[in-house]
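Inspection log for the structure reproduced underneath, given as structure tokens.
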Amino acid sequence: MPFESEIGSDAPIGIFDSGFGGLTVARAIVDQLPNEDVVYLGDTARTPYGPRPIAEVRAYAIECMDRLVTHGVKALVIACNSASSAALRDARERYDVPIIEVVLPAARRAVAATRNNKVGVICTEATANSRSYNDAMAVAPHVELTTQACPRFVEFVEAGITGGDELLSAAREYLEPIQRAGCDTLILGCTHYPLLQGVISYVLGDRVTLVSSSTECAKAAYAALQRRELLHHNPREAQRLFLTTGSGDDFEGVGSRLMGGFVEDVQHIAL
Ligand code: DGL
């Protein structure tokens, strides 16, 4: 039985991720749609999703979305590549509100951006194993895709680490196959990775175009709401609410450090 939600342009947008990574999507949405209220849920008690079996990620994702639906959201944003790879189809069947995800928008942008038809994607193991980017790129068979899982990147971000020798050496190791394949375009196929753009760009150099699944997802959110006439047009002070399954203080601390003043009003919830 699908959940129903009061859909109106005044309703908030629901966004979730396993932890802090989806904040890069939330911030891109707030930048591109500043009049929208957002409710963000970080499932930090169960992060990371990336090393877990797809069925488990799917179950967690559905629990997060069920919770967001109770806030009367007008759209659900799966701000996590692993969860998008695992739960998109179920979500579209289960909820009546538009579901926006990260994989297809990023894949489309990469296909448009590549000059040599060699695209790389860095992501979690769950996303790599699901082959969701291979499926999304099937419309462009002339493009060769190189996939590299980078499990430690999420650990760095969740610990609030975005620089230093250890991260640089992990980045060099993870990005070597991308360089060897001659990719001129790299999809940041995990929403935690925009927070590591500095080190990724430092290793790869300016000739490799980075495509952020977070920025592309925000554009897709705009398009989905515009098509359904659900955009909130009038200028106003929009509200932001942050929920976490972990410690509210930790979320606020790390979130504020990673995202400047963006994270406030954090509440702990149990799922
Ligand atoms: N940020 C998430 C993604 O885009 C997942 C990180 C994790 O929990 O492993 O895949």
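Indexing begins at 1, ligand by ligand and atom by atom, following the structure's order.
Arg109 pairs by the salt bridge (Lys or Arg N to Asp or Glu O under 4.0 Å) definition with Glu216, not counting sequence neighbours. Remark: Arg228 pairs with no residue by the salt bridge (Lys or Arg N to Asp or Glu O under 4.0 Å) rule, at least two apart or across chains.
Ring geometry for Phe262 versus Phe242: interplanar angle over 60°, hence perpendicular rather than tilted (30 to 60°). Ring geometry, Phe153 versus Tyr174: the interplanar angle exceeds 60°, so the pair is classed perpendicular (tilted spans 30 to 60°).
A donor atom on one side chain and an acceptor atom on the other are not found under 3.5 Å apart for Thr127 and Asn81.
Applying the ring-ring contact (aromatic ring centres under 6.0 Å, His included) test to residues at least two apart or on different chains, none of the pairs has a partner in residues 98-131.
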List, for ligand 1, each N/O atom that has a protein N/O partner under 3.5 Å away, with both atom names and the distance.
unit_1, atom_1, unit_2, atom_2, d
ligand 1, 1 (N), Asp17, OD1, 3.1
ligand 1, 1 (N), Thr191, OG1, 2.9
ligand 1, 1 (N), His192, ND1, 2.7
ligand 1, 4 (O), Asn81, N, 2.7
ligand 1, 4 (O), Asn81, ND2, 3.2
ligand 1, 4 (O), Thr191, N, 2.9
ligand 1, 4 (O), Thr191, OG1, 3.4
ligand 1, 8 (O), Ser18, OG, 2.5
ligand 1, 8 (O), Tyr49, N, 2.6
ligand 1, 9 (O), Tyr49, N, 3.3
ligand 1, 9 (O), Gly50, N, 2.7
ligand 1, 10 (O), Asn81, N, 3.4
ligand 1, 10 (O), Ser82, N, 3.0
ligand 1, 10 (O), Ser82, OG, 2.7

